[in-house]
Trainee: 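Once you've had a glance at the structure underneath, I'll fire off some questions.
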Amino acid sequence: MASNLRFQDKVAIVTGGCKGIGRGCVDVFVENGAKVAVFDIDDAVGQTMKPEGPGEVFYIHCDMTKEDQIKAAVEATIVKFQKIDCLVNNAGWHPPARTIDGFSAEEFRKLLDLNLIGYFLACKFALPHIRKTKGSVVNISSGAFTVGQPDAVTYVATKGGIVGMTRALATDEGRHGVRVNSISPGCVWTPLFEEWAKTAEKGQMEQIKDISILGRFADPREIGMACLFLAADATFTTGEDLSCTAGIERGYGIKMK
Ligand code: NAD
């Protein structure tokens, strides 16, 4: 009988997989039979993670701003699981709201190290293995790039870089049968968002919900399911950015009020 598990015996890497969107991806992949290597710095969560499902999780301490750690984590994944079918680049950060006057070049460089160079390095070390399985890469960008979020100039720049890198890599990797796509989530209820919400002005959270047509936040699993779709089902899709924003680009959430 055919299995209904969509990623059975496949191997995925999820960076930043201990919490938030990354965790949503890990849970959905494990439920669908995948073996998942989680690259993260949260050892307390990583060493005790037990997602439900037929797949399995292998936690590797890996600071995604450190090239040697990323290289070693990819090698450890191969030793453990022998192959890589999918890389989900997700570990990233959003600095508190500020205009350009409040950001230094040094802060921007640090953010680039995590939000963009970390994605680049994970691709660089994982792609030689992904080419062997004709697998794929999914890079988590942000709807903030599509719409241009206020008071987030450095963050939005890093997220635009991810979409650009995705298109260029897709063009190069097609010759190996490897697909490279990105996802641009809208507002997803995660520890990162929860932290930001503490600093939000009165009424701002309601406003944020209202910018989407569905009028709510996403659950991290909803991004995980989009990720699985790109990895498992969308076999003729590459160089694409999948919007998971519940329509913030349309602006109808605001217009219909
Ligand atoms: P989060 O802070 O809730 O979770 C991030 C995870 O990454 C944590 O497990 C954390 O330990 C890990 N991490 C942080 N720094 C790391 C490092 N140096 N090395 C390895 N792991 C590290 O964040 P989130 O909201 O789930 O966001 C995940 C990604 O999704 C980010 O790239 C973010 O920009 C993007 N995104 C989030 C939203 C949203 O609304 N939450 C919207 C669009 C895009």
Side-chain angles (χ1 to χ4, degrees), residues 13-28 36-49 51 57 59-74 87-97 110-122 138-149 152 154-163 165-166 182-198 200 205 208-209 211-212 214 216-224 226-227 241-246 248-249:
I13 292 172
V14 179
T15 75
C18 284
K19 290 181 294 224
I21 291 175
R23 180 59 192 257
C25 293
V26 172
D27 288 349
V28 168
V36 184
V38 174
F39 296 5
D40 206 301
I41 47 175
D42 191 334
D43 295 344
V45 173
Q47 282 159 3
T48 53
M49 273 174 92
V57 160
Y59 172 71
I60 303 168
H61 178 98
C62 177
D63 182 339
M64 292 303 297
T65 65
K66 302 279 188 299
E67 181 167 357
D68 55 338
Q69 292 190 23
I70 299 169
K71 190 166 187 279
V74 170
L87 164 67
V88 180
N89 265 318
N90 161 78
W93 189 61
H94 190 312
K110 269 185 81 177
L111 189 69
L112 276 167
D113 260 342
L114 177 62
N115 283 16
L116 189 58
I117 315 285
Y119 281 39
F120 163 81
L121 288 170
V138 182
N139 293 320
I140 303 298
S141 176
S142 173
F145 163 63
T146 326
V147 296
Q149 188 187 10
T154 58
Y155 178 77
V156 171
T158 65
K159 292 297 171 177
I162 291 168
V163 174
M165 186 171 74
T166 299
S182 58
I183 292 180
S184 283
C187 300
V188 187
W189 193 247
T190 65
L192 179 66
F193 215 115
E194 218 172 322
E195 200 52 38
W196 182 87
K198 290 179 193 156
M205 293 306 285
I208 285 171
K209 268 200 281 182
I211 63 172
S212 91
L214 297 181
R216 65 170 176 85
F217 284 87
D219 181 272
R221 285 180 56 91
E222 295 182 278
I223 310 304
C227 201
D241 182 53
L242 177 60
S243 170
C244 295
T245 64
I248 58 174
E249 300 87 342

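When a residue number appears, it is its place in the shown sequence, counting from 1. Each ligand, and each atom within it, is numbered from 1 in the order the structure gives. The figures here come from the full heavy-atom set of this structure, side chains too, leaving out hydrogens, waters and symmetry mates.
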Trainee: Looking only at atom types and distance, does a side-chain atom of Y155 sit under 3.5 Å from a main-chain N or O of A97, one as donor and one as acceptor?
Mentor: no
Trainee: Taking side chain to side chain donor-acceptor pair (under 3.5 Å) as the test, write out the residues that go with D241, two or more places apart.
Mentor: S182, S184
Trainee: Which atoms of ligand 1 have any heavy atom of I140 under 4.0 Å away?
Mentor: 30 (O), 35 (C)
Trainee: Have a look at ligand 1 and work out which part of L114, if any, has a heavy atom under 4.0 Å from it: side chain, backbone, both or neither.
Mentor: side chain
Trainee: Judged by atom type as modelled, is there a donor-acceptor pair below 3.5 Å linking the side chain of E195 to the main-chain atoms of L192?
Mentor: no
Trainee: State the atoms of ligand 1, each with its element, that fall below the 4.0 Å cut-off from a heavy-atom position in P191.
Mentor: 3 (O)
Trainee: Can we say K19 and E194 salt-bridge, meaning some charged N sits less than 4.0 Å from an Asp/Glu carboxylate O?
Mentor: no
Trainee: With no hydrogens and no angle check, is any side-chain donor or acceptor of K71 less than 3.5 Å from a backbone partner on K66?
Mentor: no
Trainee: Can you sort out which atoms of ligand 1 are near I21, meaning under 4.0 Å from one of its heavy atoms?
Mentor: 26 (O), 30 (O), 36 (N), 37 (C), 38 (C)
Trainee: Within the side chain of D40, is there an N or O that forms a donor-acceptor pair under 3.5 Å with the backbone of G17?
Mentor: yes
Trainee: When you compare ligand 1 with G186, is there at least one nitrogen or oxygen pair between them that comes in under 3.5 angstrom?
Mentor: yes
Trainee: Which bit of W196 gets closer than 4.0 Å to ligand 1, counting heavy atoms only: side chain, backbone, both or neither?
Mentor: neither
Trainee: How close does the nearest protein non-hydrogen atom get to atom 6 (C) of ligand 1, and which residue and atom is it?
Mentor: G16 O, 3.5 Å
Trainee: Taking heavy atoms and a distance under 4.0 Å, where does C18 meet ligand 1: side chain, backbone, both or neither?
Mentor: both
Trainee: Kindly give the heavy-atom pair with the smallest separation between P185 and T245, and that separation in Å.
Mentor: C-CG2, 4.0 Å
Trainee: Check each atom of ligand 1 against the heavy atoms of Y119 and keep those under 4.0 Å away; list them by number with element.
Mentor: 32 (O)
Trainee: Find out whether L111 and P95 are in side-chain contact, i.e. whether some heavy atom of one side chain is under 4.5 Å from a heavy atom of the other.
Mentor: yes
Trainee: Can you list the atoms of ligand 1 that are under 4.0 Å from a heavy atom of C187?
Mentor: 40 (O)
Trainee: Atom 19 (N) of ligand 1: which protein heavy atom is closest, and how many Å away?
Mentor: M64 N, 2.9 Å
Trainee: Of all the non-hydrogen atoms in the protein, which one sits nearest to atom 34 (O) of ligand 1, and at what distance?
Mentor: Y155 OH, 2.6 Å
Trainee: Starting from atom 23 (O) of ligand 1, what is the nearest protein heavy atom, named by residue and atom, and what distance separates them?
Mentor: L192 CB, 3.4 Å
Trainee: Hey, is the main chain of G16 close enough, under 3.5 Å, to the side chain of N90 for a donor-acceptor pair?
Mentor: yes
Trainee: Just by modelled atom types, is the I162 backbone N or O under 3.5 Å from a matching donor or acceptor in the S141 side chain?
Mentor: no
Trainee: Which of the atoms of ligand 1 are close to C62, meaning less than 4.0 Å from one of its heavy atoms?
Mentor: 19 (N), 20 (C)
Trainee: Going by the angle between their ring planes, with limits at 30° and 60°, are F193 and W189 parallel, tilted or perpendicular?
Mentor: tilted
Trainee: Nearest protein heavy atom to atom 4 (O) of ligand 1, by residue and atom, and its distance?
Mentor: K19 O, 3.9 Å
Trainee: Give yes if a backbone or side-chain nitrogen or oxygen of P185 is under 3.5 Å from a nitrogen or oxygen of ligand 1, and no if not.
Mentor: no
Trainee: Within the structure, is a non-hydrogen atom of K159 found at a distance of less than 4.0 Å from ligand 1?
Mentor: yes
Trainee: Kindly check if the number of other-residue, nucleotide or ligand heavy atoms within 6.0 Å of CD (E222) is above 12?
Mentor: yes
Trainee: Could you measure the distance from the CH2 atom of W93 to the CG atom of L114? Nearest 0.5 Å is fine.
Mentor: 9.5 Å
Trainee: Regarding ligand 1, does T190 bring an N or O atom to under 3.5 Å of one of the ligand's N or O atoms?
Mentor: yes
Trainee: Compare N90, D42, D40, T15 and give the one whose heavy atom is closest to atom 8 (C) of ligand 1.
Mentor: D40
Trainee: Looking only at protein heavy atoms, which one is nearest to atom 18 (N) of ligand 1, and how far off is it?
Mentor: D63 OD1, 3.1 Å
Trainee: What is the nearest protein non-hydrogen atom to atom 44 (C) of ligand 1, stated with its residue, atom name and distance?
Mentor: S141 O, 3.2 Å
Trainee: Does any part of the side chain of V38, heavy atoms only, come nearer than 4.5 Å to the side chain of V26, both counted from C-beta?
Mentor: yes
Trainee: Where does H94 meet ligand 1, judged by heavy-atom distances below 4.0 Å: at the side chain, the backbone, both, or neither?
Mentor: neither
Trainee: Quick check: does T65 get an N/O under 3.5 Å from an N/O on ligand 1?
Mentor: no
Trainee: Where is the nearest protein heavy atom to atom 15 (N) of ligand 1: which residue, which atom, and how far?
Mentor: I41 CD1, 3.7 Å
